[in-house]
Protein chains: 2
Amino acid sequence: MKIPAYRRIAADLADKIRTGVYRPGDALPAQRELSTRYGVTLMTLRQALQQLRDDGLILQQAGRGTFVAPVQAAYRVDTLRSFVEDLREQGHDVTTEVISVAAEGAGLRLERVRLLGDQPVIHQTSWIPEPYGSRIADENFRRTSLYEALADAGVTIVRASERIVPGLLTEPVAGHLRRPAGEAVFVSERTTYAMDEQPVVVDRAVILGDLMEIRAERAATRLSLQWATAE
Amino acid sequence: MKIPAYRRIAADLADKIRTGVYRPGDALPAQRELSTRYGVTLMTLRQALQQLRDDGLILQQAGRGTFVAPVQAAYRVDTLRSFVEDLREQGHDVTTEVISVAAEGAGLRLERVRLLGDQPVIHQTSWIPEPYGSRIADENFRRTSLYEALADAGVTIVRASERIVPGLLTEPVAGHLRRPAGEAVFVSERTTYAMDEQPVVVDRAVILGDLMEIRAERAATRLSLQWATAE
DNA sequence: GTGTATAACTGTTCTAGAACTCAGTTCTAG
DNA sequence: CTAGAACTGAGTTCTAGAACAGTTATACAC
C-alpha cells in the first residue's frame with residue numbers, strides 16, 4: 001500500500017490547517033518554498049495543493065499567494081457522508097458531546113452536540129428504532145460514531161432521505177449551541193434506511209447558519225433527473 | 001487573452017463528445033496517442049483530461065482506458081436547471097415577474113420574482129457579465145428563460161456551484177415577496193460557468209422558507225437534490 | 001482444459017527544469 | 001507630487017522525459 005507523495009503532502013498540509021499551524025486567512029508558504037521543504041518538484045506539490053483546493057481548504061490567487069480558506073464550514077450535499085465526516089474531510093476538528101442517551105418509544109434516543117473547535121454548531125437528536133437501538137445501546141458515542149456502531153452491529157445502510165428548511169433558533173437548543181434565540185439556522189430531518197427499507201436512524205439536526213452552509217456542485221453528466229449526481 | 005493549451009484541448013474534446021465523435025461508453029484514444037496528436041506533453045494532456053473529469057464528461061480507469069461518461073445528458077442546458085425547472089417538473093404553475101433589467105458594472109443585471117400561483121416565493125437577482133450580457137439584453141425574460149436565451153446566444157454551460165445559507169427576510173425583498181421582514185428564508189448564491197471556466201451567470205436568490213424546502217435522496221452511488229414546496 | 005507467467009497495453013505518479021502571467025511595490029522621470 | 005516604468009515575488013503553464021501500477025489477452029506449461 002504505497003501512498004503517493006502528493007497525497008502525503010496534502011494530508012500533512014490539511015493537518016497543519018486543522019491544528020492551526022496555518023490559520024484561516026493566512027498565506028501558506030510559496031509553492032517553491034513548500035516544494036523544496038517537502039523535497040518534491042513544483043509539479044508534485046501543485047498536485048497536493050489542487051487536492052486541498054478541491055476540498056475547499058485553500059484559495060489560490062495568481063500573483064498573490066495561497067491562502068487558507070475562511071472558516072465557513074460547508075455541508076456538501078453531494079456525498080453520502082455524515083456531517084462529521086464531511087467536516088473532517090475539510091480539515092476541521094470536530095468533536096462530539098453526548099447530551100443524553102435514553103430509551104424512548106420502541107427505540108433509542110440519542111442527543112448530541114457537534115463542536116467545531118470550541119464552538120457548538122450542530123444540535124442533533126437521533127432516534128434509532130428497534131431492533132437496532134438495543135444492539136448499540138452500550139456504545140460510547142463520544143468515541144464511536146453512530147454509523148460505525150451500526151456497522152459493527154451488522155447494519156448496512158443503503159440510502160437516506162433528507163429534508164432541509166430554514167428556521168429560527170429557539171430554546172432549549174439555543175442554550176446547547178450557546179447562541180441567542182432568533183438566529184438563522186438550518187433544520188434538517190433525515191431518515192436513514194437499511195437494505196430491507198426499514199428506517200435505521202431518524203435524525204433531526206439544528207445547524208447554525210452563520211457557521212455552516214450547504215454547497216452543491218453540479219456538472220453536466222453528474223446530474224440525472226432532478227439535480228442528481230451520479231458517481 | 002491567451003488561452004492555455006490544456007483548455008483548448010479540453011474544449012476540443014468536449015466538443016467532440018457533444019457532437020458524438022466520441023459517444024457515451026466509448027473509449028477515448030490513449031493518453032500518449034492524444035498527447036502526440038495534439039502536440040503536447042503527457043502532463044499537459046492530462047490537465048485537459050482532468051478538466052473533463054471534473055466536469056463529469058469522462059471516467060478514467062487505470063490500466064483500462066478513458067471512457068466517455070455513460071448517462072448522456074452531457075451539455076444539455078436543462079440539466080443544470082434551477083428552482084423553476086424543478087418546480088415545473090413537479091407540476092407546479094410557476095410564473096415570472098421581471099422587476100428590472102439594467103446594465104450594471106460590466107454586465108447585465110436582471111431582477112425577477114417567481115410566483116407559485118399568486119404567491120411570490122423567490123426573489124432572484126442575476127448578473128450576467130460581458131460579453132454574455134449584451135448578447136441577450138434584448139430578450140423578453142418573462143417568456144424566455146435565462147438559460148434558453150444564453151443557449152440561443154451560443155453559450156454552453158458546463159457546471160454550476162451553489163452555496164445556500166439560512167437567513168432572515170429583510171426589506172426591500174420582503175416587500176417583493178409580500179411578507180413581513182424577519183421570516184426564515186434560504187439565501188442561495190449560485191455561479192454558473194462556461195467551458196473556459198468564465199462565470200456566465202451570478203445568481204442570488206431569496207427563497208421563502210415556509211413554502212420551499214430542499215429535498216435530498218442519497219444512495220451509495222447516487223444523490224438527487226431538488227427544491228420542493230413544503231407540505 | 002486449466003492455470004500461470006508474461007507481454008503489451010492502459011492510466012498514474014514524479015523529476016528537473018524553463019518560461020510565462022499576475023499583482024503588488026519601488027524607483028524614476030517629468 | 002504624481003504617472004508610469006521597472007522590479008519582485010507569487011501562482012500558472014509547459015516541456016521531455018522516466019518509472020510505476022493496474023488490466024487484459026495470449027502463449028506456454030502442466
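Here R46(A) pairs with Q31(A) under the side chain to side chain donor-acceptor pair (under 3.5 Å) rule; sequence neighbours left out. With sequence neighbours excluded, the residues that form a side chain to side chain donor-acceptor pair (under 3.5 Å) with E111(B) are S100(B), H123(B). R32(B) is linked by a side chain to side chain donor-acceptor pair (under 3.5 Å) to nothing, counting only residues two or more places apart in sequence or in another chain.
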S188(B) and E162(B): side-chain contact (heavy atoms from CB on, under 4.5 Å), yes or no, with the steps?
CA-CA 7 Å; S188(B) 155; E162(B) 184 166 14; 2.8 Å; yes
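Of the N and O atoms on the side chains of Q124(A) and R114(A), at least one donor lies less than 3.5 Å from an acceptor on the other residue. Side chains of R112(B) and S126(B): a donor-acceptor N/O pair is present below 3.5 angstrom, by distance only.
Q50(B) places its CD atom 13 Å from the P atom of dT12(D), with the value rounded to the nearest Å. For the pair I9(B) CD1 and dT13(D) P, the interatomic distance rounds to 13 Å; values are reported in whole Å. If you measure from atom CG of L49(B) to atom P of dG11(C), you get 8 Å, rounded to the nearest angstrom.
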Nucleotide N/O of nucleotides 3-5 of chain C paired with protein N/O under 3.5 Å:
none

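Checked for salt-bridge contact, D210(A) and R179(A) meet the test: a charged N lies under 4.0 Å from a carboxylate O.
Shown here, dG11(C) forms a base pair with dC20(D); the pair counts as Watson-Crick or G-U wobble because both key distances fall under 3.5 Å. With both pairing distances under 3.5 Å, dA29(C) is matched to dT2(D) as a Watson-Crick or G-U wobble pair.
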Reading nucleotides 12-21 of chain C from 5' to 3' and marking B where a protein heavy atom lies under 4.0 Å of the base, S where only the sugar-phosphate is that close, and - otherwise, the string is BBBBB--B--
Under 3.5 Å, which donor-acceptor pairs link side chains of residues 8-17 of chain B to any protein atom two or more places apart or in another chain?
unit_1	atom_1	unit_2	atom_2	d
D12(B)	OD2	K16(B)	NZ	3.1
D12(B)	OD2	Y38(B)	OH	2.5
D15(B)	OD1	R18(B)	NH2	2.3

